[in-house]
Amino acid sequence: MRHGVQYILTEAEVLKLFQERLDIPMPKLLFYDDSRDICNVPYFFMSYLDGVPLCDDQMITDAQRADVKKEMGEITRKICSLKADIFGIPNIPESYCRKNSDFINLLFDWLLCDAEEKGITIPGITPDDLKKLIRKYEMELDEVTVPFYVHTDTWDGNLMIKNGKLTGLIDYAAVLWGDPLLSHDFHDFGDVPNPYFLQGYGKTEFTGNEKIRLQIYRIWQRLGMVVERGYREYEDPHMYDWVLDDFAREVKKL
């Protein structure tokens, strides 16, 4: 998919940057090689994180889960403290934008192009109507004038847990430069963001414009899941069928 063409390089660079500038639980970049001398693709080694993904932890208690989500709010706040020079996706120059609205429109346009190339139907709305809907909110999107580092994929599968505690956060290929509200936990599944995450992040109230942006980002996240079903070739092609109805509901809310 268009947004993922530099995932290996981006993850290596972000691992290095974050371990130098942030105090968060994460793997360390040990080695990166893009020479293609040993194999025909870039690769890297990172340090091992003990534990299991939060989504697979059957022993964690509600109180421990709440503590993990609060800590993720604190971690997200630290990540979003790092300013970027431009809106965009690291290492993909054609994504670089001066305005948040241009960047968000581009993210939607790329996903819709990916969908068209695989013959993926967008549920509940035509691609053109979806583009028009998002473009109605240029003013609200452009309220954000300074881009920051944003981790867009801190779902429970990327949180490593041992004995009820977070040992580290993985998958830094999904880091963008943009609105901090584009961080995954602000627009995760569920009717509202996790209250413990918000407590940890330090933001529990949202303006009208922020709520509009959150809704746009919720739609973008779900559109990505709709489209990637055609690219990841899951053994069960219906594994994420539930996201189709969820996407259509979120579009109607906007």
**Q** Under a 4.5 Å side-chain heavy-atom rule over Ile, Leu, Val, Met, Phe, Trp and Tyr, are Val146 and Leu181 clustered together?
**A**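 Each belongs to a different hydrophobic cluster.
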
**Q** Check this for me, if you would: do Asp246 and Arg249 make a salt bridge, where the nitrogen-to-carboxylate-oxygen distance has to be below 4.0 angstrom?
**A** yes

**Q** How about Arg135: does its CZ atom have over 12 heavy atoms from other parts shown lying under 6.0 Å from it?
**A**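 Yes - once you tally the heavy atoms of other residues, nucleotides and ligands closer than 6.0 Å, there are more than 12.
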
**Q** Is the count of non-hydrogen atoms from other residues, nucleotides or ligands lying under 6.0 Å from Tyr7 atom OH greater than 12?
**A**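 Enclosed.
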
**Q** Where is the tightest heavy-atom contact between Arg222 and Arg218, given as atom of each residue plus distance?
**A** NH1-O, 3.0 Å

**Q** Determine whether Ile125 and Phe247 make a side-chain contact, defined as any pair of heavy atoms from C-beta on separated by less than 4.5 Å.
**A** yes

**Q** CD of Glu116: more than 12 outside heavy atoms within 6.0 angstrom?
**A**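 Result for CD/Glu116: open.
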
**Q** Indicate the atoms forming the closest heavy-atom contact of Ile122 with Pro127, along with that distance.
**A**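 Ile122 and Pro127 have their closest heavy atoms at CG1-CG, 4.4 Å.
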
**Q** When hydrophobic residues are tied together by side-chain contacts of less than 4.5 Å, even through go-betweens, does Leu166 share a cluster with Leu54?
**A**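 Hydrophobic grouping puts Leu166 with Leu54.
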
**Q** Rounded to the nearest 0.5 Å, how far apart are SG of Cys55 and CD1 of Ile60?
**A**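 One gets 11.0 Å once the value is rounded to the nearest 0.5 Å.
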
**Q** Any ion pair linking Lys165 and Glu71 (charged N to carboxylate O, less than 4.0 Å)?
**A** no

**Q** Between the side chain of Thr204 and the main-chain N/O of Leu198, is any donor-acceptor distance below 3.5 Å?
**A** no

**Q** Quick check: closest heavy atoms across Tyr32 and Ala12, and the distance to 0.1 Å?
**A** CD1-CB, 3.7 Å

**Q** With a sphere of 6.0 Å drawn around CD of Glu94, does it hold more than 12 non-hydrogen atoms of other residues, nucleotides or ligands?
**A**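 Yes - once you tally the heavy atoms of other residues, nucleotides and ligands closer than 6.0 Å, there are more than 12.
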
**Q** Any side-chain donor paired with an acceptor under 3.5 Å for Tyr201 and Asp185?
**A** no

**Q** Can Leu112 and Leu130 be said to form a side-chain contact (heavy atoms from CB on, under 4.5 Å), step by step?
**A** CA-CA 9 Å; Leu112 292 172; Leu130 179 58; 4.1 Å; yes

**Q** When the ring planes of Phe31 and Tyr43 are compared, do they come out parallel, tilted or perpendicular, using 30° and 60° as the limits?
**A**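 Tilted, since the angle between the ring planes falls between 30° and 60°.
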
**Q** If we ignore hydrogens and angles and just use 3.5 Å, is the side chain of Arg213 paired with the main-chain N or O of Glu140 as donor and acceptor?
**A**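 Yes; judged by distance alone, with no hydrogens or angles, the pair exists.
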
**Q** How far does CG of Leu141 sit from NZ of Lys99, to the nearest 0.5 angstrom?
**A**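 With rounding to 0.5 Å, CG (Leu141) is 10.0 Å from NZ (Lys99).
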
**Q** Restricting to non-hydrogen atoms, name the atom on Pro25 and the atom on Tyr172 that form the minimum distance, rounded to 0.1 Å.
**A**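 Minimum heavy-atom separation between Pro25 and Tyr172: O-OH, 4.1 Å.
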
**Q** Please tell me whether Asn209 and Thr207 have a donor and an acceptor in their side chains that are separated by less than 3.5 angstrom.
**A**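 Looking only at side-chain atoms, Thr207 and Asn209 do not form any donor-acceptor pair under 3.5 Å.
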
**Q** How long is the span from the CD1 atom in Ile75 to the CG atom in Asp23, to the nearest 0.5 Å?
**A** 9.5 Å

**Q** Can you find a pair of side-chain heavy atoms, one from Gln221 and one from His184, that are under 4.5 Å apart?
**A**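 They are in contact (side-chain heavy atoms under 4.5 Å apart), so the answer is yes.
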
**Q** Thinking salt bridges, do Lys69 and Asp156 make one under a 4.0 Å N-O criterion?
**A** yes

**Q** Could you tell me whether the side chain of Met26 reaches within less than 4.5 Å of the side chain of Met46, counting heavy atoms only?
**A** no

**Q** In the structure I gave you, are the side-chain heavy atoms of Tyr137 and Ile104 within less than 4.5 Å of one another anywhere?
**A** no

**Q** Any side-chain to backbone donor/acceptor pair from Asp188 onto Asn194? Under 3.5 Å, distance only.
**A** no

**Q** Is there a donor-acceptor pair under 3.5 Å between the side chain of Thr167 and the backbone N or O of Leu49?
**A**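 Side chain of Thr167 to backbone of Leu49: no pair is present.
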
**Q** Any heavy-atom pair between the side chains of Glu11 and Asp171 that's under 4.5 Å?
**A**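 Yes. Closest side-chain heavy atoms under 4.5 Å.
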
**Q** Does any N or O in the side chain of Tyr231 come within less than 3.5 Å of the main-chain N or O of Asp114, such that one atom is a donor and the other an acceptor?
**A**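 Yes, because the side chain of Tyr231 sits within donor-acceptor range (under 3.5 Å) of the backbone of Asp114.
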
**Q** Restricting to non-hydrogen atoms, name the atom on Pro180 and the atom on Phe148 that form the minimum distance, rounded to 0.1 Å.
**A** CG-CD1, 3.8 Å

**Q** Checking side-chain contact (heavy atoms from CB on, under 4.5 Å) for the pair Asp34/Leu9: CA distance, chi angles, key distance, verdict?
**A** CA-CA 8 Å; Asp34 63 356; Leu9 173 58; 5.5 Å; no

**Q** Do the side chain of His187 and the main chain of Leu182 share a donor and acceptor less than 3.5 angstrom apart?
**A** yes

**Q** If you measure from the Lys or Arg side-chain nitrogens to the Asp or Glu carboxylate oxygens, is any gap between Arg2 and Asp109 under 4.0 Å?
**A** no

**Q** What's the separation between atom CZ in Arg21 and atom NZ in Lys78, rounded to the nearest 0.5 Å?
**A** 14.5 Å

**Q** Working note: Phe108 + Leu133, criterion side-chain contact (heavy atoms from CB on, under 4.5 Å); need CA distance, chi angles, decisive distance, verdict.
**A** CA-CA 11 Å; Phe108 275 92; Leu133 176 64; over 6 Å; no

**Q** For the hydrophobic clusters of this structure (ILVMFWY residues joined by side-chain heavy atoms under 4.5 Å, transitively), does one cluster hold both Met225 and Ile89?
**A** yes

**Q** Would you say the side-chain atoms of Lys203 pair up with the backbone N or O of Glu205, donor to acceptor, closer than 3.5 Å?
**A** yes

**Q** When hydrophobic residues are tied together by side-chain contacts of less than 4.5 Å, even through go-betweens, does Phe18 share a cluster with Leu30?
**A**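 No, separate clusters.
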
**Q** Do Tyr217 side-chain atoms and Phe186 backbone N/O form a donor-acceptor pair below 3.5 Å?
**A**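 Between the backbone of Phe186 and the side chain of Tyr217 there is no qualifying donor-acceptor contact (under 3.5 Å).
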
**Q** Is there side-chain contact between Tyr234 and Glu228, with at least one heavy-atom pair below 4.5 Å?
**A** yes

**Q** Is Tyr48 atom OH crowded by more than 12 heavy atoms from other residues, nucleotides or ligands, each under 6.0 Å away?
**A** yes

**Q** Before we go on, tell me: are the rings of Trp155 and Phe189 under 6.0 Å apart, centre to centre?
**A**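 They do not qualify: ring centres at least 6.0 Å apart.
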
**Q** Under the side-chain contact (heavy atoms from CB on, under 4.5 Å) criterion, do Trp110 and Leu106 qualify, and how do the steps go?
**A** CA-CA 6 Å; Trp110 279 6; Leu106 180 67; 3.2 Å; yes

**Q** Does atom CG of Asp62 have more than 12 heavy-atom neighbours from other groups under 6.0 Å away?
**A**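 Count not over threshold, so no.
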
**Q** Under 3.5 Å, is there a donor-acceptor pair between the Thr10 and Asn91 side chains?
**A**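 Per modelled atom types, Thr10 and Asn91 side chains form a pair under 3.5 Å.
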
**Q** Quick one: closest heavy-atom pair of Val227 and Ile120, and the distance?
**A**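 Scanning both residues completely, I find the closest heavy atoms to be O-CD1, 3.1 Å.
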
**Q** Walk me through whether Asp142 and Ser101 qualify under side-chain hydrogen bond (donor to acceptor under 3.5 Å, both in side chains).
**A** CA-CA 6 Å; Asp142 286 338; Ser101 62; 2.9 Å; yes

**Q** Taking Ser47 for its side chain and Lys28 for its backbone only, find out whether a donor-acceptor pair lies under 3.5 Å.
**A**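 Flag set: sc Ser47 to bb Lys28 pair under 3.5 Å.
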
**Q** State plainly whether the residues Lys253 and Glu250 are in salt-bridge range, i.e. N to O under 4.0 Å.
**A** yes

**Q** Leu223, Trp242: one ILVMFWY side-chain cluster at the under-4.5 Å cut-off?
**A** yes

**Q** Would you say Asp56 has more than 12 foreign heavy atoms packed within less than 6.0 Å of its CG?
**A** yes

